[in-house]
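As structure tokens, the structure follows; a few thoughts come after it.
Order of appearance sets the numbers: ligands from 1, and atoms from 1 within every ligand.
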Amino acid sequence: MPIKFTRSDFPKGFIFGTATAAYQIEGSSNGNCGPCHWDTFSATPKNVFKAENGFTACDHFHRFEEDLDLVQACGFDAYRFSTSWARVMPNGKTINKEGLEFYDRLVDAICARNLRPNLTLYHWDLPSALADIGGWANRETAKRFVDHTNAVIQCVGDRIDTVATINEPWCVAWLSYFLGHHAPGLRDIRAAARAMHHILLAHGLSVDAMRSLGTSNLGVVLNLTEAHPASNKPSDVNAKDRLDGIHNRWFLDAIFKGVYPQDILNKLYEFMPKNFEDDMSLISEPIDWLGINYYTRGIVADDPGEPWPSLKDIEGSMDKTQMGWEIYPEGLKNLLVRVSRNYTGNLPLLVTENGMACADEIQNEIVYDPSRIDYIFSHLAAARAAIDEGVNLQGFFYWSLLDNFEWAFGYEKRFGIVHVDFETQKRTPKASFNEWALSLNS
Ligand code: IFM
């Protein structure tokens with residue numbers, strides 16, 4: 001059993017928060033939200049578990065006050081949420097007044113509870129109109145992201161604590177355009193290479209736009225993994241480097257060094273957009289903080305029978321979450337130390353997501369989730385160990401407040417510290433919620 005951590009074990013001012021994302025909780029059928037590429041992806045057979053979608057989700061659109069009461073009651077300092085591009089601009093162009101008014105009310109409600117609003121501008125709800133022009137494979141989408149940025153920031157920017165441009169660019173690009181697991185479900189190396197660049201361009205353009213509006217505390221959220229080779233064989237060690245290059249270095253090198261890692265670029269070069277080099281200074285404009293989402297490590301073997309990147313995922317030997325992800329807290333510490341030493345120096349880091357899916361069930365009005373509690377404390381210990389090694393880690397956000405729409409896995413995988421009955425929308429705080437409350441209030 002991991003040691004329990006409390007607020008006082010962390011430096012003064014350390015921010016504890018919990019995170020959510022628009023499409024996963026709001027209910028996209030509410031408030032004149034436009035269609036997004038996740039609606040079509042879910043409507044296509046076999047893409048999403050039980051063909052579920054985000055139309056109703058947790059109905060947070062109507063229940064946000066109740067949900068924020070829970071965040072406050074738990075003792076968190078901050079609330080991380082995202083704005084849906086399809087809600088703000090249903091056709092990718094024209095502003096939906098009702099959409100912006102919702103975020104205006106939401107941010108007021110966050111502030112009214114003395115919570116710090118941590119905004120993410122893009123957590124994957126791309127308007128269908130932009131999916132129709134090729135989505136992130138098209139440079140135009142990156143340019144249009146500036147319109148979304150401006151609309152949101154002009155509405156709520158005066159009350160926001162921190163802004164992230166993009167959540168998990170690897171998922172937006174590689175997972176969605178190369179591996180085909182997320183919308184739009186493509187498996188196309190040319191589209192993927194373009195998306196890998198355009199999503200970073202969108203980040204740079206958005207930072208630039210926000211600086212012109214005078215907004216401060218700007219960052220981006222990367223989902224990083226600690227890459228491990230399946231064996232000591234040189235071929236597996238090289239495979240590990242390829243995983244690391246695509247998953248981690250592509251984004252870290254671009255944002256903090258203004259270049260793409262040569263080993264990966266060599267393979268993607270022929271598919272990259274023309275003159276991509278000209279965008280690198282914009283992509284690497286200094287930011288004010290970096291968010292890291294961490295869930296598990298990645299173990300790979302070389303798979304010579306497959307085309308580049310010729311990777312085969314190998315199952316690790318540690319316990320797994322409901323997602324089948326290996327529980328490996330040490331990876332969080334190692335990543336934080338590596339990122340801080342090799343890329344960010346003293347720039348503030350935040351763990352913007354960390355959490356565990358469990359097959360939770362309500363019994364006598366109680367959800368008992370001891371493995372999630374262990375997961376939380378072991379990752380808090382890893383975060384604390386990174387601070388001890390000199391990492392300027394300033395906050396930790398649990399993913400997620402509520403059970404929600406877990407993308408291709410539908411509603412089956414439950415990450416929340418609050419159980420949601422998707423039939424009745426009843427919220428029931430789990431044992432892990434109570435444990436967080438104890439830690440944060442002592
Ligand atoms: O639910 C997702 C979230 O949208 C992005 N980061 C990972 C979470 C768990 O899979």
Side-chain angles (χ1 to χ4, degrees), residues 17-28 36-39 41-42 47-49 52-54 57-58 60 67 79-86 118-126 164-176 179 181-183 199 219-226 247-248 251 290-298 313 320-328 331-332 335 350-360 369 371-372 375-376 379 396-420 422 432:
T18 184
T20 61
Y23 192 78
Q24 294 178 271
I25 61 166
E26 285 176 1
S28 63
C36 85
H37 68 168
W38 268 96
D39 299 335
F41 186 71
S42 327
N47 279 346
V48 175
F49 181 71
E52 290 168 332
N53 56 46
C58 308
H60 178 75
D67 293 337
Y79 178 63
R80 178 172 177 243
F81 68 103
S82 75
T83 43
S84 156
W85 192 351
N118 181 308
L119 162 69
T120 300
L121 288 167
Y122 184 70
H123 199 130
W124 311 351
D125 12 31
L126 183 74
T165 51
I166 309 288
N167 182 67
E168 302 184 349
W170 176 86
C171 290
V172 174
W174 200 256
L175 188 67
S176 307
L179 298 175
H181 296 323
H182 276 191
I199 194 63
V220 63
V221 170
L222 304 181
N223 58 315
L224 302 178
T225 189
E226 192 177 53
H247 210 112
N248 302 325
F251 303 100
L290 174 71
I292 295 178
N293 293 353
Y294 175 80
Y295 289 89
T296 188
R297 66 172 166 173
D313 290 327
K320 313 281 179 325
T321 71
Q322 191 193 14
M323 299 291 284
W325 296 346
E326 195 188 22
I327 302 174
Y328 191 72
L332 174 60
L335 273 172
L350 297 174
V351 173
T352 28
E353 282 181 31
N354 174 252
M356 174 180 185
C358 306
D360 298 317
D369 56 346
S371 43
R372 179 175 289 111
Y375 184 99
I376 293 167
H379 286 80
F396 187 105
F397 289 70
Y398 180 77
W399 180 270
S400 183
L401 173 67
L402 304 170
D403 293 337
N404 59 43
F405 177 69
E406 177 50 31
W407 307 111
F409 298 93
Y411 292 92
E412 199 214 6
K413 312 287 187 205
R414 293 180 176 268
F415 276 92
I417 47 174
V418 174
H419 180 275
V420 177
F422 294 107
S432 54

(message) Do Trp407 and Tyr23 have side chains that approach each other closer than 4.5 Å (heavy atoms only, starting at C-beta)?
(response)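 Counting from C-beta outward, Trp407 and Tyr23 do come under 4.5 Å.
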(message) Can you confirm whether Ile166 sits close enough to Val172 that some side-chain heavy atom of one is under 4.5 Å from a side-chain heavy atom of the other?
(response)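 Touching, per the 4.5 Å side-chain cut-off.
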(request) Answer yes or no: is there an ion pair linking Arg372 with Asp360, defined by an N-O contact shorter than 4.0 Å? (result)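 Salt bridge: yes.
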(request) Salt-bridge test for Arg80 and Glu353: reply yes if a basic N is under 4.0 Å from a carboxylate O, no otherwise. (result)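 A salt bridge links Arg80 with Glu353.
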(request) For Ser400, check side chain to side chain donor-acceptor pair (under 3.5 Å) against everything at least two apart and list the hits. (result) Asn404
(message) For ligand 1, give me the residues whose heavy-atom distance to it is below 4.0 Å, by chain and number please.
(response)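 The answer is Gln24, His123, Trp124, Asn167, Glu168, Tyr295, Trp325, Glu353, Trp399, Glu406, Trp407, Phe415, counting any residue whose heavy atom sits under 4.0 Å from ligand 1.
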(message) Checking Thr120 against Asn167: is there a side-chain donor and acceptor pair closer than 3.5 Å?
(response) no
